[in-house]
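Below is one structure, written out as structure tokens; the observations come after it.
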Amino acid sequence: MLELDGYLLAPPRPQFALPFDTYDTWCLLLPAAGSFDYQVGDAHGTAKFGDVVICPPGGILHRRMRTRTSFFHARFTTELEPPSGRTRVRDLDRLRGNLKLLEDAATAIATHVVTDLVLMLMLNRAGSPRDPLVHSALTYLNEHYAEPEVSLTELAAALGISPSQLSRRFRAVRGTTPVAYLRDLRLQKARELLAETDQTLQVIAEHTGYRSGFYLSRVFSAQTGQSPSEYRRTSRV
């Protein structure tokens with residue numbers, strides 16, 4: 001189904017070695033932490049944790065880091081038709097598990113991980129109806145995640161829909177709830193600040209929608225299995 005031609009799980013770095021490249025095979029690139037700008041054909045934008053960028057054989061993948069970024073890059077051949085450009089992964093916990101497997105992976109495990117990622121992307125694209133309301137909800141959450149007052153009730157009211165209807169339509173498209181999406185978004189921003197700055201936990205909490213460093217620490221530890229201080233220590237090179 002899929003043959004791996006090469007892969008790299010790179011630690012945080014300030015920039016890619018090359019601003020663009022062309023591959024004879026399929027190419028996959030995703031940020032483990034941080035973010036980067038990309039362009040594949042007419043598709044362009046910014047990728048952050050949870051996004052996977054695919055470039056087809058013969059295509060040109062342009063990339064430029066916006067922040068200090070760790071990433072996973074793989075080249076592979078397959079008879080499948082992965083979706084080109086950027087696709088958002090619904091199951092972020094599954095993505096984290098795949099990246100964890102890669103830390104001490106043999107080629108066989110890496111092949112399994114890339115196959116799983118490609119299948120997830122294909123299922124996401126095939127099963128994701130276009131819903132303008134969900135798009136508006138995503139835009140709102142990405143613009144207001146740093147505000148502690150953001151809630152499902154407030155978001156639903158802003159969109160003129162009930163909270164239960166919003167949750168149902170959001171899950172149908174994204175595979176998760178607005179509340180879980182907001183939590184994951186805030187935690188990813190916290191990861192970036194922990195890895196890339198020396199800001200105190202209280203300051204990071206204020207930048208990520210949490211009212212205190214104590215509460216951020218509790219949520220962070222529960223969701224990641226690491227305390228913020230442990231994550232900061234192990235994510236720096």
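When reading the values below, keep in mind they use all heavy atoms of this one structure, side chains included, and skip hydrogens, waters and symmetry mates.
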Would you name the heavy atoms of [X] and [Y] that are closest together and state the gap between them?
X: Ile54; Y: Pro83; value: CB-O, 3.3 Å
X: Thr67; Y: Gly34; value: OG1-CA, 3.3 Å
X: Gly50; Y: Leu92; value: CA-CD2, 3.6 Å
X: Ala190; Y: Thr208; value: N-CG2, 3.7 Å
X: Ala180; Y: Thr177; value: N-OG1, 3.1 Å

Flag yes if [X] and [Y] sit in one hydrophobic cluster, no otherwise; membership is Ile, Leu, Val, Met, Phe, Trp, Tyr, and two members link when side-chain heavy atoms are under 4.5 Å apart.
X: Val113; Y: Leu119; answer: yes
X: Leu80; Y: Leu2; answer: yes
X: Leu187; Y: Val203; answer: no

Members sharing Val53's hydrophobic cluster (side chains within less than 4.5 Å):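 Once heavy-atom contacts under 4.5 Å are chained together, Val53 belongs with Leu8, Phe16, Tyr23, Leu29, Phe36, Tyr38, Val40, Leu61, Met65, Phe71.
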
Which other residues end up in the same hydrophobic cluster as Leu18, if Ile, Leu, Val, Met, Phe, Trp and Tyr are linked when side-chain heavy atoms come under 4.5 Å apart?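 Grouped by the 4.5 Å side-chain rule, Leu18 forms a cluster of one, so the answer is none.
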
Does Glu147 have more than 12 heavy atoms from other residues, nucleotides or ligands lying within 6.0 Å of its CD?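 Atom CD in Glu147 is crowded, with more than 12 foreign heavy atoms closer than 6.0 Å.
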
How many angstroms lie between [atom1] in [X] and [atom2] in [Y], if you round to the nearest 0.5 Å?
X: Tyr7; Y: Thr107; atom1: OH; atom2: OG1; answer: 4.5 Å
X: Phe72; Y: Leu102; atom1: CZ; atom2: CG; answer: 4.5 Å
X: Leu182; Y: Leu141; atom1: CG; atom2: CG; answer: 5.5 Å
X: Leu4; Y: His112; atom1: CG; atom2: NE2; answer: 12.5 Å
X: Lys48; Y: Asn142; atom1: NZ; atom2: CG; answer: 4.5 Å
X: Leu133; Y: Leu159; atom1: CG; atom2: CG; answer: 5.0 Å

Pairs in or reaching into residues 200-221: which pass ring pair (Phe, Tyr, Trp, His ring centres under 6.0 Å), with residues at least two apart or in two chains?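 Qualifying pairs: Tyr210-Tyr215, Phe220-Tyr231.
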
Expected output: side-chain [X] to main-chain [Y] donor-acceptor under 3.5 Å:
X: Arg63; Y: Gln15; value: no
X: Glu3; Y: Thr77; value: no
X: Arg68; Y: Pro12; value: yes

Any residue meeting side chain to side chain donor-acceptor pair (under 3.5 Å) with Ser212, in chain and number order, not counting sequence neighbours: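 Expected list: none.
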
Derivation of the side chain to side chain contact (heavy atoms under 4.5 Å, CB included) call for Arg186 and Val219: CA-CA 10 Å; Arg186 285 171 167 168; Val219 175; over 6 Å; no

Heavy atoms, side chains only, cut-off 4.5 Å: are [X] and [Y] in contact?
X: Met120; Y: Val52; value: no
X: Leu117; Y: Asn98; value: yes
X: Arg169; Y: Ile161; value: yes
X: Cys55; Y: Trp26; value: no

Output every pair passing salt bridge (Lys or Arg N to Asp or Glu O under 4.0 Å) with a member in [range], not counting sequence neighbours, ordered by first then second residue.
range: residues 11-39; answer: Asp37-Arg64, Asp37-Arg66
range: residues 113-123; answer: Arg94-Asp116
range: residues 208-223; answer: none

Verify the distance criterion only: is there a donor paired with an acceptor across the side chains of Asp184 and Tyr145 at less than 3.5 Å?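 Their side chains do not contain a donor-acceptor pair, so the 3.5 Å distance test is not met.
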
Between Ser151 and Glu154, is there a side-chain donor-acceptor contact under 3.5 Å, judged purely by atom types and distance?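 Per modelled atom types, Glu154 and Ser151 side chains form no pair under 3.5 Å.
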
Apply the test side chain to side chain contact (heavy atoms under 4.5 Å, CB included) to residues Phe76 and Thr25: give CA-CA distance (whole Å), side-chain angles for both, the deciding distance (0.1 Å), then the verdict. CA-CA 6 Å; Phe76 59 95; Thr25 61; 6.0 Å; no

Any residue meeting ring pair (Phe, Tyr, Trp, His ring centres under 6.0 Å) with His144, in chain and number order, not counting sequence neighbours: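 So His144 forms a ring pair (Phe, Tyr, Trp, His ring centres under 6.0 Å) with Tyr140.
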
List for me each residue that meets side-chain contact (heavy atoms from CB on, under 4.5 Å) alongside [X], sequence neighbours excluded, and say none if there are none.
X: Asp93; answer: Asp91, Arg96
X: Ser167; answer: Leu152, Pro178
X: Ser221; answer: Ser217, Ser227, Pro228
X: Ile60; answer: Phe20, Thr22, His62

Using side chain to side chain contact (heavy atoms under 4.5 Å, CB included), reason through Leu155 and Val150 one step at a time and then give a plain yes or no. CA-CA 7 Å; Leu155 175 58; Val150 173; 5.6 Å; no

Apply side chain to side chain contact (heavy atoms under 4.5 Å, CB included) to residues Ile204 and Arg232 and explain how you reach the verdict. CA-CA 12 Å; Ile204 292 175; Arg232 170 170 272 168; 3.7 Å; yes

